[in-house]
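All values below were derived from every heavy atom in this structure, side-chain atoms included, with hydrogens, water molecules and symmetry-related copies excluded. Predicted, not measured: the structure shown is a model, and the values here were computed from it. In what follows, every chain begins at residue 1, and chains take the letters A, B, ... in the order their sequences are listed.
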2 protein chains.
Amino acid sequence: MERTRPQRADARRNYDALLGAAREVFAEKGTEASLEEIARRAGVGIGTLYRNFPARQDLFEAVYVGEVEQLCRLAGEVADRPPWEAMQAWLRAFVGYAATKRAIKEALTMESAMFVSCRADMYAAGQPLFDRAQAAGAVRADVSFDDVLRMVSGITAGSYVDDAQRERVFAMALAGVTATPAAPHPA
Amino acid sequence: MERTRPQRADARRNYDALLGAAREVFAEKGTEASLEEIARRAGVGIGTLYRNFPARQDLFEAVYVGEVEQLCRLAGEVADRPPWEAMQAWLRAFVGYAATKRAIKEALTMESAMFVSCRADMYAAGQPLFDRAQAAGAVRADVSFDDVLRMVSGITAGSYVDDAQRERVFAMALAGVTATPAAPHPA
DNA sequence: GTTAAAGTGGAGGCACGCCTCCACCTTAGC
DNA sequence: GCTAAGGTGGAGGCGTGCCTCCACTTTAAC
């Protein structure tokens, strides 16, 4: 955000390459991914990575901030759609961001100042959509926004046979968000 | 199963200690946990671990086999309860086994012969409960047993504020299993 | 008690990731 | 073109995990 970027052209190119590589690698391997692999993939030396991002946390935060900003923006864009449709669209975006895909579960419990603040922004953006959907009766009354977000992260981080299954499972879980609390006991 | 156990008393003690430690450590750290930590926690040398379990896979399988057997046994025990109640009880047990808790997601896609066979046993045990619940109308018709298992593993592997939230989220997701496919669009 | 078979455990070689440091290369301003 | 400030990248020290190997210890059979 207010991170001072390197000035020289090559420096800036490297900075961007690192960010891109980090986005990819974090998406594939989670927060614990090797920094050397990120540097390799960005085509820069490990020293350059450390010059730009002294700690692993700094790199991950730089990626994460971008994702969160997009998510916040999206919340505004879908606000004029019907409550449940808007909520669903936002949740889909929430799981869609590659950088957070494998790391988002871990991110939900990280403690650094920037994480706490980003999480607050993200929740602030999504919560109104949730409240509206709940008020409209599209979401059961006994769950919180946080519950839904964690459920969705867990499901997304899981492994599936193919994307169709992932989508099917996601839809099934979403149905649980809308369903009435007491599960039916037919038979 | 037909694994030949060490004969000497101390050897057997060590074998059991290793299995117990592995169960704990795999539960906490997933399949990639450090074998040296397992040996440390079992109070034996790393050499002893390798004598009993030449490959990481062997150790994990030894733990996993035990869990799967219990799960298969349980399927028989709950079979006389109402369809949905039985299914639910079994799913709870499925997520409850500590050893697989963090590792189960990974285990679902492992390729070794023993994994494939264990998975087959586990599915064979759970599938009838599922089919019965589906036939009774307690489970929506457009999902498979595999879908549900993967959803449940994903949710279980997630992180939560406390156990109450984990339970709440699990229940919410289960409601999705029973709900009708078409999500309501009120308002 | 003796003894040989069984079992032990940790040192050590290897690989890899973390992070620091600095000799060298690039850039931009002149 | 020249040059110094800015930037680079990888060698190297450290830690940790993997796995092997074998001198030593323990067991149990006699």
Atom-pair distance ([atom1] on [X]; [atom2] on [N]), nearest Å:
| X | N | atom1 | atom2 | result |
| --- | --- | --- | --- | --- |
| D16(B) | dG7(C) | CG | P | 14 Å |
| R12(B) | dT8(C) | CZ | P | 13 Å |
| N52(A) | dG9(D) | CG | C1' | 13 Å |
| D58(A) | dC19(C) | CG | C1' | 13 Å |
| Y50(A) | dA11(D) | OH | P | 16 Å |
| K29(B) | dG17(D) | NZ | P | 9 Å |
| L59(A) | dC19(C) | CG | C1' | 14 Å |
| L49(A) | dT20(C) | CG | P | 12 Å |

For side-chain contact (heavy atoms from CB on, under 4.5 Å), just list the numbers for L74(B) and Q70(B), CA-CA rounded to whole Å, side-chain angles, deciding distance to a tenth of an Å, and then say yes or no. CA-CA 6 Å; L74(B) 181 72; Q70(B) 288 192 64; over 6 Å; no
Between Y123(B) and F145(B), what is the ring plane arrangement, given parallel below 30°, perpendicular above 60°, and tilted in between? perpendicular
Which letters describe nucleotides 22-30 of chain C, given B = protein heavy atom under 4.0 Å from base, S = only from sugar-phosphate, - = neither? ----BSS--
Residues 126-139 of chain B side chain polar contacts: donor-acceptor under 3.5 Å, at least two apart:
from: Q127(B); atom 1: NE2; to: D131(B); atom 2: OD1; distance (Å): 3.1
from: R132(B); atom 1: NH1; to: R81(B); atom 2: O; distance (Å): 3.3
from: R132(B); atom 1: NH2; to: A79(B); atom 2: O; distance (Å): 3.2
from: R132(B); atom 1: NH2; to: R81(B); atom 2: O; distance (Å): 3.0
from: Q134(B); atom 1: NE2; to: R140(B); atom 2: O; distance (Å): 3.0
from: Q134(B); atom 1: NE2; to: V143(B); atom 2: O; distance (Å): 3.0

Side chain R150(A), main chain R166(B), donor-acceptor under 3.5 Å: no
Reckon N14(A) has a side-chain N or O less than 4.0 Å from the OP1 or OP2 of dG7(D)? no
Near DNA chain D, counting only heavy atoms under 4.0 Å, which residues of residues 33-40 of chain A show up? none
How close do [X] and [Y] get, counting heavy atoms only, and between which atoms?
| X | Y | answer |
| --- | --- | --- |
| V78(A) | A89(A) | CG1-CB, 4.2 Å |
| L59(A) | F26(A) | C-CE1, 4.3 Å |
| W90(A) | L71(A) | NE1-O, 3.1 Å |

Checking side-chain contact (heavy atoms from CB on, under 4.5 Å) for the pair E61(B)/F53(B): CA distance, chi angles, key distance, verdict? CA-CA 10 Å; E61(B) 285 178 355; F53(B) 308 98; over 6 Å; no
Can you check whether N14(B) reaches R51(B) side chain to side chain, under 4.5 Å on heavy atoms? no
